[in-house]
Asks: 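I have a structure I would like to understand better, so I am pasting it below and will then ask my questions one at a time.
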Amino acid sequence: MATHSPPSPRRGKRQNWAVNFALMPMAVTVLLCYLGTVLWSIVVSMTSSKTFPNTNFVGLTQYEKLFTTDRWWLSLHNMALFGVIFVVACLVLGFFLAVFIDQKVRGEGIFRTIFLYPYAMSFVATGLVWQWMLNPGLGLQEAVRQLGFPNFEFDWIISQDKVMYAIALAAVWQSAGLVMALLLAGLRGVDEEIWKAARIDGIPVWRVYMSIVVPMIAPSIATATVLLSLGVIKVFDVVVSMTGGGPGIASEVPAKFIMDYLFNRANIGLASAASVVLLLTVLALLLPWLYAKNRMEKNNSKGH
Amino acid sequence: MQAQVRTTVALAIASLAILATTGAQAQTKAEVMHWWTSGGESAAVQELAGAFNKSGGQWVDTAVAGGEAARAAAINRIVGGNPPTAAMFNTSQQYLDIIKEGMLNDIDAVAAKEKWDTMLPAPVINSIKVNGHYYAAPVNIHMPSWFWYSKPAFAKAGITSEPKTADELFAALDKLKAAGLVPLALGGQGWQEYITFYSWVAQVGGTDLYMKFFKDHDAAVVNTPAFRKVLTDFKRLKSYTDAGSPGRNWNDATSMLITGKAGVQIMGDWAKGEFNNAKQVAGKDFGCFPGFGPKSPYIIAGDVFVFPRTKDANAIKAQQMLATSMTSPTTQVAFNNKKGSIPIRTDVDASQMDMCAQTGLAIMKDKTRQIAVPDMLLAPDVGGAVQDIISKYWNTAQSVDDVVKALQSAIKG
């Protein structure tokens with residue numbers, strides 16, 4: 001029988017076609033559910049839709065309104081501030097935790113569990129716990145005062161200027177473990193021989209990390225950065241559970257702005273405009289990165 | 001023997017008749033969506049359900065926690081073509097768009113029979129009557145800006161009488177501060193700051209100023225000396241709050257009064273539920289006044305049920321039965337006593353109600369004192385924008401000039 005003979009080129013093409021056909025539902029899903037809804041949002045953002053989407057086109061009016069709203073500017077500003085603190089602090093802390101565990105410490109499993117544990121908790125629970133801890137009347141500040149330091153102050157969560165740092169603190173506590181896990185996997189992939197060679201050459205350990213190990217685990221770092229950045233764009237639940245956007249509107253973020261206008265404030269048009277701006281922000285960040293990655297891969301393949 | 005047979009037959013027929021009527025009753029099922037999930041609230045909703053069941057219906061309860069979530073769920077089901085028989089909204093503009101889309105049944109028949117035109121307060125009629133048709137059944141009137149005070153705290157600070165003007169209130173707050181208490185218990189959340197703000201516009205600015213701003217969307221009025229004074233006095237209140245105010249829940253603020261740690265709270269009449277739970281009595285442990293002086297404006301808010309469009313004759317019958325039973329005088333007293341609000345009609349037996357509710361009900365007879373809550377006068381997104389501006393002003397060192405500018409551009413919509 002011909003079943004065991006190698007497939008003819010013609011047969012191969014037909015198989016390809018079958019594979020494509022099998023992937024069709026997936027492609028349709030992507031087109032309709034992802035691209036379709038994106039297009040829908042863009043269309044709605046140019047209408048005067050309130051509770052229901054309508055087709056009364058008003059051009060860029062919603063965008064004009066959006067960018068004359070104080071709260072939207074503040075939201076963007078807060079997201080940028082939170083993003084820088086969150087990503088940098090998570091990467092640095094996660095890297096050090098990974099390096100610490102990679103020293104072949106005793107009870108490695110226990111440490112790994114402890115560091116990764118916060119990530120298993122939902123942001124809502126994290127936010128509530130930190131809200132209590134940071135509440136000046138109940139938490140840390142009061143505890144330290146009762147220990148005999150009556151002038152101790154730690155009231156970030158009720159301060160206009162510091163509330164975003166308090167939120168970033170809780171978020172970093174939660175996500176640093178994830179970075180640790182990712183980077184630890186990367187560190188474990190570094191060949192033992194490199195360390196031996198470096199030791200023989202007498203290169204200090206920090207130098208090996210900075211000049212050899214970090215470039216080698218660059219893909220892990222890139223993955224962690226992308227994951228963290230997505231978390232920044234989506235940041236919503238930790239803010240809602242910790243401060244509800246307050247005090248005043250000091251800790252508002254774009255995702256909360258969109259949710260408020262979608263459901264509570266019955267202005268789908270403005271909420272869609274805000275979502276589109278958020279999408280453009282993501283693309284503006286992502287496209288240069290994708291472009292660079294593409295260029296690098298092309299160069300690499302040329303080199304071989 | 002024959003008599004016995006006859007009785008048996010008669011009994012059989014009687015039970016058949018009962019079966020037949022219960023069969024008919026089971027058909028007037030009404031699925032009701034609401035967000036009354038807290039202890040006092042679900043006790044209150046049981047009164048509505050009981051009244052409807054007694055009138056021959058069958059109440060099917062669909063409670064969704066949280067007003068925003070419940071309203072979003074109701075709108076989704078209405079749009080999706082599988083609406084509940086009735087859905088709760090606030091007495092406001094929240095359901096105006098659904099009416100415009102033709103997605104609600106009117107209940108003009110009930111309104112005509114019960115003479116809603118003459119019975120209901122004008123702000124409520126303006127909110128539920130659109131283009132000459134009634135689209136919602138009101139169930140209660142909440143006054144969102146009562147002044148509550150702790151009697152022990154007032155005694156400790158040496159305050160002997162209720163403040164009758166804004167100046168007297170400031171004097172009382174100063175005394176409370178001097179006595180080492182928190183003068184003003186405020187939950188620093190946007191909506192609570194907003195209540196404090198519009199109370200101040202109504203009580204200190206007066207009804208005219210309030211209406212020019214919230215109803216006529218008059219941007220020029222914001223820059224008048226009277227409105228600017230409201231803004232500065234409102235901000236002055238902040239100096240009487242404690243450091244723990246930001247983010248605090250309203251009921252935690254009320255418990256500061258219950259424990260005598262704080263003097264005054266400006267909050268809706270739902271705060272009474274907290275006092276009641278703590279076994280405190282109005283007039284003895286705590287006091288309440290709705291504003292300054294005997295002619296002070298009385299802000300009207302509340303909850304309504306709307307009736308999504310359906311052609312099913314049974315469902316329409318259920319909707320009309322719901323509207324009738326919810327608004328009947330006995331249901332109104334039983335329900336509102338548990339809810340903390342006051343009835344939508346004044347022809348009820350007030351003897352069962354507490355002191356604050358009786359005060360409120362008496363004021364309801366004076367139509368000149370009634371004004372609508374901003375939610376009834378502003379579209380949800382405009383109201384939200386005003387709330388954001390006020391919250392920012394309260395919490396930052398923003399100048400009055402900047403707030404005036406921001407309010408002027410927001411109120412135009």
Side-chain angles (χ1 to χ4, degrees), chain A residues 48-54 61-62 64-66 68-75 127 131-132 134-139 141-142 153 155-161 163 166 239-252 256-257 259-271, chain B residues 66-73 75-76 78-79 92-101 103 187-193 238 241-249 252 256 378-385 387-398 402-403 405-406 409-410 412-413:
Chain A
S48 65
S49 304
K50 290 285 183 182
T51 307
F52 300 104
N54 63 26
T61 313
Q62 301 282 19
E64 272 169 38
K65 202 180 154 198
L66 186 67
T68 52
T69 306
D70 275 358
R71 188 176 147 190
W72 175 248
W73 279 109
L74 189 63
S75 302
Q131 187 205 348
W132 292 327
L134 296 177
N135 185 313
L138 303 169
Q141 176 178 315
E142 191 60 23
E153 259 194 40
D155 58 352
W156 288 8
I157 200 166
I158 58 161
S159 150
Q160 287 279 314
D161 313 321
V163 63
V239 171
V240 170
S241 60
M242 271 181 83
T243 63
I249 53 172
S251 59
E252 293 291 349
K256 183 163 175 286
F257 183 96
M259 293 298 271
D260 276 356
Y261 274 89
L262 262 187
F263 296 112
N264 198 17
R265 296 183 175 175
N267 195 334
I268 292 184
L270 192 68
Chain B
E68 290 164 33
R71 290 193 294 272
I75 289 177
N76 277 338
I78 292 170
V79 175
S92 66
Q93 295 197 1
Q94 284 160 1
Y95 42 87
L96 205 61
D97 284 348
I98 331 177
I99 296 175
K100 279 186 195 153
E101 294 284 319
M103 290 181 177
Q189 295 169 340
W191 67 275
Q192 299 187 55
E193 292 155 0
K238 177 144 199 246
T241 60
D242 61 317
S245 167
R248 179 187 285 143
N249 285 323
D252 295 333
M256 290 168 72
L378 298 178
D381 59 333
V382 179
Q387 181 183 310
D388 287 345
I389 290 165
I390 292 307
S391 195
K392 186 176 174 194
Y393 172 53
W394 179 264
N395 285 285
T396 63
Q398 205 183 12
D402 286 350
V403 189
K405 259 183 237 149
S409 93
K412 282 184 246 161

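Please read all numbers here as calculations on a predicted model, not as lab measurements. The sequence lines fix the lettering, A, B, ..., with proteins before strands; numbering per chain opens at 1. Below, all heavy atoms of this structure are taken into account, side chains as well, without hydrogens, waters or symmetry copies.
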Asks: Side chains of B:I75 and A:F263, heavy atoms from C-beta outward: is any pair under 4.5 Å?
Replies: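 No - every pair of side-chain heavy atoms lies 4.5 Å or more apart.
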Asks: At what distance, to the nearest 0.5 angstrom, does CD of B:Q94 lie from CG of A:N264?
Replies: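 Spacing of CD (B:Q94) from CG (A:N264) equals 7.5 Å.
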Asks: Mind checking what makes side chain to side chain donor-acceptor pair (under 3.5 Å) contact with B:S391, not counting sequence neighbours?
Replies: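 Side chain to side chain donor-acceptor pair (under 3.5 Å) check on B:S391 returns B:E193.
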Asks: Quick check for you: to the nearest 0.5 Å, what is the distance between A:W72 atom CH2 and B:D388 atom CG?
Replies: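 Result: 13.0 Å between the selected atoms.
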Asks: Less than 4.5 Å to any heavy atom of chain A: does that hold for the side chain of B:Q387, its backbone, both, or neither?
Replies: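 Only the side chain of B:Q387 comes within 4.5 Å of chain A.
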Asks: List the residues meeting side chain to side chain donor-acceptor pair (under 3.5 Å) with B:Q192, not counting sequence neighbours, and say none if there are none.
Replies: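 With sequence neighbours excluded, B:Q192 shows a side chain to side chain donor-acceptor pair (under 3.5 Å) to B:Q189, given in chain and number order.
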Asks: Tell me if the CH2 atom of B:W191 is crowded by more than 12 foreign heavy atoms within 6.0 Å.
Replies: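 Enclosed.
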Asks: Which bit of B:I98 is near chain A, if near means a heavy-atom gap under 4.5 Å: side chain, backbone, both or neither?
Replies: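 Both parts, backbone and side chain.
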Asks: Select one option (side chain, backbone, both, neither) describing which atoms of A:D70 are under 4.5 Å from chain B's heavy atoms.
Replies: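 For A:D70, side-chain heavy atoms alone lie under 4.5 Å from chain B.
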Asks: Taking all heavy atoms of A:R265 and all of B:P380, pick out the closest pair and write down the distance.
Replies: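 Heavy atoms of A:R265 and B:P380 come nearest at O-CB, 3.6 Å.
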Asks: To check you understand the geometry: which heavy-atom pair defines the closest contact between A:Y261 and B:D381, and what is its length?
Replies: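 Shortest heavy-atom separation between A:Y261 and B:D381 comes out as CE2-CB, 3.9 Å.
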Asks: Which answer fits B:V79, side chain, backbone, both or neither, if we ask what part of it has an atom under 4.5 Å from a heavy atom of chain A?
Replies: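 For B:V79, side-chain heavy atoms alone lie under 4.5 Å from chain A.
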Asks: To the closest 0.5 Å, what do you measure between CD (B:Q93) and OG1 (A:T51)?
Replies: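 B:Q93 atom CD to A:T51 atom OG1 measures 10.0 Å (nearest 0.5 Å).
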Asks: Under a 4.0 Å threshold between the charged nitrogen and the carboxylate oxygen, would A:K50 count as salt-bridged to B:D97?
Replies: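 Looking at B:D97 and A:K50, the cut-off is not met.
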Asks: For B:A243 and A:I158, which heavy atoms make the closest approach, and how far apart are they?
Replies: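 That closest heavy-atom pairing would be O-CD1, 3.0 Å.
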Asks: Enter the distance from B:K392:NZ to A:I249:CD1 here, rounded to the nearest 0.5 Å.
Replies: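 Reported value, rounded in 0.5 Å steps: 5.5 Å.
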Asks: Would you say NZ of B:K238 has more than 12 non-hydrogen atoms from neighbouring residues, nucleotides or ligands within 6.0 angstrom?
Replies: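 Yes, the 6.0 Å shell around NZ holds more than 12 heavy atoms from other groups.
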Asks: Given that the side chain runs from C-beta out, which part of B:A385 has a heavy atom under 4.5 Å from chain A: side chain, backbone, both or neither?
Replies: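 It is both, since atoms from each part get that close.
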